[in-house]
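Note: hydrogens, waters and symmetry copies are ignored here, and every other heavy atom, side chains too, is used. By convention in this document, chain letters (A, B, ...) are assigned in the order of the sequence lines, proteins followed by strands, and residues within each chain are numbered from 1.
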Number of protein chains: 2
Amino acid sequence: MKPTQILLADDHHIILDGLKVVLSNNDNMQVAGMVTNGNEVLEFARKYPIDLVVLDINMPELDGISCARILKKELPHIKIIILTMYPQKSFVNEIVKIGIDGCLLKNNTGKELITAIKRVMGGQAYFDHLKAFSDDKDEVIRFKLTPREIEIIKAISNGLKSEEIAEQLFISPHTVLTHRKNILKKLGVNNTNQLIKYATKQQII
Amino acid sequence: MKPTQILLADDHHIILDGLKVVLSNNDNMQVAGMVTNGNEVLEFARKYPIDLVVLDINMPELDGISCARILKKELPHIKIIILTMYPQKSFVNEIVKIGIDGCLLKNNTGKELITAIKRVMGGQAYFDHLKAFSDDKDEVIRFKLTPREIEIIKAISNGLKSEEIAEQLFISPHTVLTHRKNILKKLGVNNTNQLIKYATKQQII
DNA sequence: AAAAAAATACCAAAATATAGGTATTTTATA
DNA sequence: TATAAAATACCTATATTTTGGTATTTTTTT
């Protein structure tokens with residue numbers, strides 16, 4: 001059987017190096033390429049016949065999730081496994097929607113990645129940390145932020161005050177205040193400080 | 001020559017796995033152990049004769065920097081290389097003070113780690129990303145936070161208000177306000193929102 | 001023991017955020 | 001084309017942070 005052609009994507013070379021060696025020990029898997037951002041993933045996937053991509057979420061230029069979305073539309077036969085540092089609930093929704101095949105945390109052995117790849121190539125989904133990722137899916141959905149809200153959060157985290165945000169987005173300061181209220185409520189946090197910590201950890205910003 | 005005995009410390013197993021394989025290809029280096037937090041590093045180092053530790057900064061229980069500090073006092077012959085995700089200016093000072101032997105970013109090839117280890121074992125320091133780490137050392141020193149200030153920042157990021165922080169630390173609310181003022185001034189940020197973003201990115205919290 | 005750094009405490013005014021609402025318009029989606 | 005979701009806007013009151021000061025005590029370093 002032809003070995004599974006795998007593309008590795010992570011902006012940290014040392015992780016790529018590690019992953020490569022881990023997978024190289026396996027006869028029916030071959031690392032076809034290693035790239036460091038989402039755009040390079042697309043370029044590579046359009047050019048070479050790969051079977052599976054291991055995608056880090058946080059990459060410069062084009063992040064893993066956005067990349068996966070494009071990839072699944074353009075080349076739906078390519079399997080996608082997301083490899084991330086932390087469980088990011090904010091993405092569960094997207095992950096399911098896009099049709100990503102597998103998800104696992106970096107806090108995991110190489111063996112587990114191999115298991116995941118095998119499972120996914122066999123047509124099954126692999127969400128080892130399903131619990132961590134979606135232990136309360138409804139909650140996640142309920143808390144889903146709108147694009148505008150994410151814009152607002154980013155502005156807040158940059159230290160802009162409501163009035164400045166309003167100017168920047170050409171809307172009324174009242175609207176900004178409303179957004180802020182909604183955001184706090186959705187995320188179940190009490191104030192902006194908690195919001196920023198949460199958003200940073202969840203890598204919304 | 002006896003191979004260099006190396007202890008790897010990172011809270012992400014997949015990185016440990018990767019590092020191990022990368023180093024295993026080298027005859028005069030041997031991975032003596034792999035651990036996932038600072039306390040385990042200390043336990044291991046007290047028990048087994050290791051030559052060098054590769055330390056991640058961000059680990060649960062006992063972080064890399066604190067661990068290095070203890071290690072250098074207790075077992076000064078052990079070389080320490082810090083391996084971190086981002087250049088964290090806030091730590092440059094500490095790194096120099098503690099006498100850490102090397103520093104490199106995870107965004108780096110395995111080859112570079114091997115080079116670093118060789119260099120460090122040869123008695124030299126290895127700060128490949130010295131520039132990233134300390135392109136403005138004076139600034140870093142000027143901006144250095146006191147332990148108390150870091151405590152305050154953590155509390156703020158948890159969403160506590162000044163009064164609550166005061167209660168928690170058994171000090172006057174006025175003192176908390178003073179600390180907050182000093183922190184903002186030291187870090188050159190305009191408000192708490194910027195502070196939290198900065199602190200999170202720099203991984204002060 | 002002296003000097004420097006860190007932690008402590010207080011005052012007062014101005015600026016901002018938060019909490020409680022209601023309500024209309026625009027944009028997606030079924 | 002209905003319907004739902006998102007974005008918009010406003011009001012009032014209270015809570016909290018931020019700014020600009022001064023100053024003493026404790027701890028650390030030289």
Side-chain angles (χ1 to χ4, degrees), chain A residues 69 90 93-94 96-98 138-199 204, chain B residues 69 73 90 93-94 96-98 138 140-199 204:
Chain A
R69 193 179 295 114
S90 48
N93 223 15
E94 282 302 297
V96 174
K97 212 173 182 178
I98 294 170
D138 289 341
E139 191 186 18
V140 176
I141 291 167
R142 180 151 45 87
F143 288 170
K144 206 192 143 202
L145 297 165
T146 69
R148 195 54 149 183
E149 285 166 348
I150 291 173
E151 254 184 301
I152 303 274
I153 294 177
K154 281 181 183 165
I156 294 173
S157 78
N158 286 328
L160 299 187
K161 30 190 101 137
S162 296
E163 210 165 331
E164 292 169 332
I165 298 172
E167 265 181 59
Q168 198 183 57
L169 300 181
F170 303 108
I171 55 179
S172 150
H174 296 112
T175 308
V176 176
L177 290 176
T178 304
H179 281 306
R180 294 183 75 132
K181 272 189 293 190
N182 293 338
I183 291 167
L184 294 184
K185 207 176 172 187
K186 273 193 189 179
L187 265 28
V189 294
N190 302 316
N191 53 47
T192 305
N193 301 342
Q194 282 180 358
L195 163 66
I196 295 179
K197 193 186 177 188
Y198 175 88
I204 293 168
Chain B
R69 192 179 296 115
K73 261 192 191 152
S90 48
N93 220 18
E94 282 303 296
V96 174
K97 211 174 182 178
I98 293 170
D138 289 342
V140 176
I141 291 167
R142 179 151 45 87
F143 289 169
K144 206 192 141 200
L145 297 165
T146 68
R148 196 54 150 182
E149 285 166 347
I150 290 172
E151 252 183 302
I152 304 273
I153 294 176
K154 281 181 182 164
I156 293 173
S157 77
N158 285 330
L160 299 186
K161 30 191 100 139
S162 297
E163 210 165 329
E164 292 169 332
I165 298 172
E167 265 181 58
Q168 198 183 55
L169 301 180
F170 304 108
I171 55 179
S172 150
H174 296 113
T175 308
V176 177
L177 290 177
T178 304
H179 281 305
R180 293 182 75 133
K181 271 189 294 190
N182 293 339
I183 290 166
L184 295 185
K185 206 174 172 187
K186 272 194 190 179
L187 298 179
V189 295
N190 302 316
N191 53 46
T192 305
N193 300 341
Q194 282 180 359
L195 163 66
I196 294 178
K197 192 185 177 187
Y198 175 89
I204 292 167

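- Atom CD1 in B:Ile165 sits roughly 14 Å away from atom P in C:dA9 (whole-Å rounding).
- Of the candidate nucleotides C:dT18, D:dT8, D:dT17, D:dT17 has the atom nearest to the side chain of B:Lys161.
- In terms of phosphate contacts, B:His174 brings no side-chain nitrogen or oxygen within less than 4.0 Å of OP1 or OP2 of C:dA9.
- Side chain of B:Asn191, nearest nucleotide from D:dA7, D:dC10, D:dT18: D:dT18.
- How far CG of A:Leu160 is from CD of A:Gln168: 5.5 Å, rounded to the nearest 0.5 Å.
- Separating the CZ atom of B:Phe170 from the P atom of C:dA7 is a distance of 17 Å, rounded to the nearest angstrom.
- Residue B:Ser172 places its side chain closer to C:dC10 than to any other of D:dA9, C:dC10, D:dT18.
- Atom CG of A:Leu177 and atom C1' of C:dA15 are 13 Å apart (whole Å).
- Distance, A:Ile152 CD1 to D:dT8 C1': 11 Å, rounded to whole Å.
- In this entry the distance linking CD of B:Glu163 with P of C:dA17 reads 20 Å, nearest Å.
- Look at NZ on B:Lys185: it is 14 Å from C1' on D:dT18, rounded to the nearest Å.
- Of the listed nucleotides (D:dT8, D:dG20, D:dC10), D:dG20 has the atom at the smallest distance from the side chain of B:Lys181.
- Within the 3.5 Å criterion, the main-chain N or O of B:Lys185 finds no donor-acceptor partner in the side chain of B:Asn182.
- Place B:Thr192 and B:Thr178 on DNA chain D by their nearest nucleotides, and B:Thr192 ends up nearer the 5' end.
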For this session: Walk me through it: do B:Glu151 and B:Arg148 pass the test salt bridge (charged side-chain N to carboxylate O under 4.0 Å, His left out)?
Result: CA-CA 5 Å; B:Glu151 252 183 302; B:Arg148 196 54 150 182; 3.0 Å; yes
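- The distance from atom CG of B:Leu169 to atom P of C:dA6 is 18 Å, rounded to the nearest whole Å.
- In the set C:dA7, D:dA7, C:dA9, the nucleotide with an atom closest to the side chain of B:Pro147 is C:dA7.
- Looking at A:Thr175, its side chain has no donor and acceptor atom pair within 3.5 Å of the base of D:dC10.
- Across all strands, B:Asn182 comes closer than 4.0 Å to no nucleic acid atom at all (heavy-atom distances).
- As rounded to whole Å, 10 Å separates atom P of C:dA5 from atom NZ of B:Lys186.
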